[in-house]
Protein chains: 2
Amino acid sequence: MSGEARPLRADAQRNRTRVLEAAEAVLARDGLSASMRAIAQKAGVGLGTIYRHFPTQEDLYRAIVTDRTRRLAEEAHTLSAAEDPGAAFFAFFTRIVVNAARNKPMADILVGSGVDPKAAMAEGAPDMRSAIETLLVNAQKAGAVRQDLRMPELLALLAGACLVAERNQWSDELRDRALGILFDGLRPNH
Amino acid sequence: MSGEARPLRADAQRNRTRVLEAAEAVLARDGLSASMRAIAQKAGVGLGTIYRHFPTQEDLYRAIVTDRTRRLAEEAHTLSAAEDPGAAFFAFFTRIVVNAARNKPMADILVGSGVDPKAAMAEGAPDMRSAIETLLVNAQKAGAVRQDLRMPELLALLAGACLVAERNQWSDELRDRALGILFDGLRPNH
DNA sequence: GAACATACGGAACAGTTGTTCCGGATGTCA
DNA sequence: TGACATCCGGAACAACTGTTCCGTATGTTC
């Protein structure tokens with residue numbers, strides 16, 4: 001119902017993207033416990049400026065997380081079109097974990113809309129969920145993933161991998177070793 | 001060097017265990033973000049009383065976490081004596097995860113003495129680490145666990161499982177499904 | 001039961017946090 | 001350039017946090 005919003009003033013536009021960038025950096029570093037003051041400082045901006053653009057901390061965080069999530073969901077679609085189903089599935093799993101290592105809040109989204117109020121933060125979450133589900137189903141049809149694997153346990157394992165990744169600074173090698181073992185468990189034929 | 005400390009006054013002794021019990025309960029519920037006030041209230045005790053017994057929040061938390069850790073390490077020894085190596089290994093893995101679901105800080109210990117200052121909290125951590133290592137080596141000798149599995153990735157996978165367990169209230173069924181898949185990855189012969 | 005060390009409770013302090021508010025600066029448009 | 005809506009900065013507020021302090025109460029000892 002709200003018509004076309006008049007374009008932002010130039011400085012407002014500039015500050016908005018500054019805040020977004022700073023928030024992304026600080027969130028990546030501190031996770032969901034990042035403070036508004038830290039973001040304001042990083043952005044070289046006053047506190048009021050942040051609140052002018054994002055009425056609430058949650059609004060700001062959601063803007064970022066939703067964006068990340070959507071981008072990942074797109075990647076999933078690209079992958080499932082380009083590669084063979086098995087490779088696409090495992091590649092995307094890895095992609096999410098790598099992403100989580102650099103974006104602390106990622107894992108919290110995946111644990112799902114559990115008890116934690118901050119967990120149900122991303123509007124893009126359902127998109128990503130369905131993207132994952134598509135990859136899973138296709139990989140199973142192709143025989144690259146065990147038939148008895150279902151979404152709940154897949155998400156649980158994915159979330160676990162992300163949670164570890166966001167806490168430790170894994171070497172690439174360790175990450176690959178751990179994921180390799182996990183992937184062996186996901187494959188059929190034991 | 002400090003000689004025998006005179007026994008605590010009766011009420012002091014009573015309050016000390018009250019605090020410990022309350023802290024355990026609150027820590028299990030709120031994790032490492034539990035507040036001293038919450039613990040004091042749960043214990044039916046003043047704030048000063050807590051600080052008399054535990055000079056610092058970290059001291060209190062460490063007392064509990066260290067105790068838990070030691071008990072788990074003992075369990076590991078018992079298991080490795082009683083059961084066959086493979087069963088002992090997987091049983092203990094499961095045991096830790098179940099424990100983590102009820103004791104929020106557990107997982108944070110396992111991620112190791114990383115960046116997080118609160119992670120290096122438990123003095124019993126090395127004990128548990130070596131307990132796990134023993135179980136692993138024995139299970140490998142018995143051929144129940146793949147030979148190329150080493151401690152770093154094992155701890156990573158274990159930590160991941162614990163982190164998920166402490167966040168979601170898993171049904172027992174989901175937990176078993178997820179662990180089942182993970183265990184398949186840990187076994188030899190693919 | 002008196003005397004004394006010990007321990008208790010909770011107000012008070014210092015540091016966070018998210019959020020609000022408003023005087024003053026700044027971009028925009030005639 | 002002038003006039004005005006828009007936007008900015010950061011002090012101030014309220015609600016938290018861990019921690020300190022001290023008047024009071026309580027257990028212990030003779």
Side-chain angles (χ1 to χ4, degrees), chain A residues 2-24 26-27 29-65 104-105 108 116-119 121, chain B residues 2-24 26-27 29-65 104-105 108 116-119 121:
Chain A
S2 70
E4 266 311 284
R6 174 169 26 191
L8 287 175
R9 232 171 65 176
D11 56 343
Q13 184 66 265
R14 175 166 27 100
N15 279 327
R16 188 174 206 279
T17 75
R18 270 195 198 173
V19 167
L20 242 14
E21 280 166 14
E24 193 152 5
V26 175
L27 268 181
R29 204 189 53 208
D30 299 344
L32 250 20
S33 69
S35 83
M36 296 300 259
R37 277 168 183 78
I39 295 172
Q41 187 168 26
K42 179 94 181 179
V45 135
L47 268 175
T49 304
I50 297 188
Y51 280 94
R52 160 160 291 271
H53 293 290
F54 305 94
T56 260
Q57 185 182 50
E58 198 185 319
D59 290 321
L60 171 57
Y61 286 11
R62 188 162 43 207
I64 288 170
V65 168
K104 298 288 185 66
D108 295 287
D116 189 5
K118 285 185 180 172
M121 220 168 56
Chain B
S2 71
E4 268 306 287
R6 175 168 25 192
L8 286 175
R9 234 170 65 176
D11 56 343
Q13 185 64 265
R14 177 169 21 103
N15 278 328
R16 189 174 204 281
T17 74
R18 271 194 198 175
V19 167
L20 242 14
E21 282 167 11
E24 192 150 8
V26 175
L27 267 181
R29 203 190 52 207
D30 299 344
L32 249 22
S33 68
S35 83
M36 295 300 256
R37 278 169 181 77
I39 295 171
Q41 187 168 25
K42 178 94 180 178
V45 134
L47 268 175
T49 303
I50 296 188
Y51 280 94
R52 161 160 291 269
H53 293 291
F54 305 95
T56 259
Q57 186 182 51
E58 197 185 319
D59 291 320
L60 170 58
Y61 286 12
R62 188 162 45 207
I64 288 172
V65 168
K104 298 286 186 66
D108 295 288
D116 189 6
K118 285 185 177 174
M121 218 168 58

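Numbered from 1 within each chain, the chains take letters A, B, ... in sequence-line order.
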Roughly how many Å is it from [atom1] in [X] to [atom2] in [N], rounded to a whole number?
X: A:Gln41; N: C:dT17; atom1: CD; atom2: P; value: 11 Å
X: A:Arg9; N: C:dA25; atom1: CZ; atom2: P; value: 14 Å
X: A:Gln57; N: C:dT16; atom1: CD; atom2: P; value: 17 Å
X: A:Leu47; N: C:dT16; atom1: CG; atom2: C1'; value: 13 Å
X: A:Met36; N: C:dT19; atom1: CE; atom2: C1'; value: 8 Å

Quick check on [N]: is either OP1 or OP2 less than 4.0 Å from any side-chain nitrogen or oxygen of [X]?
X: B:Thr49; N: C:dG9; value: yes
X: B:Arg52; N: C:dA7; value: yes
X: B:Asn15; N: C:dC8; value: yes

With nearest nucleotides of DNA chain D determined for B:Tyr51 and A:His53 from heavy-atom distances, which residue corresponds to the more 5′ nucleotide?
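Nearest nucleotide further toward 5': that of A:His53.
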Between B:Ser35 and B:Arg14, name the one whose nearest nucleotide on DNA chain D is closer to the 5' end.
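Its nearest nucleotide lies further toward 5', so the answer is B:Ser35.
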Answer with base, sugar-phosphate or nothing: what part of the nucleic acid does B:Ala34 contact at a heavy-atom distance below 4.0 Å?
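It contacts sugar-phosphate atoms only.
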Classify the side chain of A:Arg37 and the base of C:dT16 as holding, or not holding, a donor-acceptor pair under 3.5 Å.
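It does not, because no donor-acceptor pair links the side chain of A:Arg37 to the base of C:dT16 below 3.5 Å.
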Would you name the heavy atoms of A:Ile64 and A:Leu20 that are closest together and state the gap between them?
CD1-O, 3.9 Å
If every non-hydrogen atom of B:Thr49 is compared with every non-hydrogen atom of B:His53, which pair is closest and at what distance?
O-CD2, 3.2 Å
With sequence neighbours excluded, what pairs up with A:Tyr51 under the side chain to side chain contact (heavy atoms under 4.5 Å, CB included) test?
A:Met36, A:Leu47
Outermost DNA chain D nucleotides near chain A [under 4.0 Å, heavy atoms]
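Span of nucleotides near chain A: D:dA5 to D:dA12.
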Are the side chain of A:Ser35 and the backbone N or O of A:Ala38 linked by a donor-acceptor pair below 3.5 Å?
yes
For A:Ala34, does its backbone N or O pair with a side-chain atom of A:Tyr61 as donor and acceptor, under 3.5 Å?
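Yes.
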Measure the spacing between CG of B:Leu27 and CZ of B:Arg29 and express it to the nearest 0.5 Å.
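Reported to 0.5 Å precision, the distance equals 10.0 Å.
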Which value, rounded to the nearest 0.5 Å, describes the distance between A:Arg14 atom CZ and A:Arg9 atom CZ?
10.0 Å
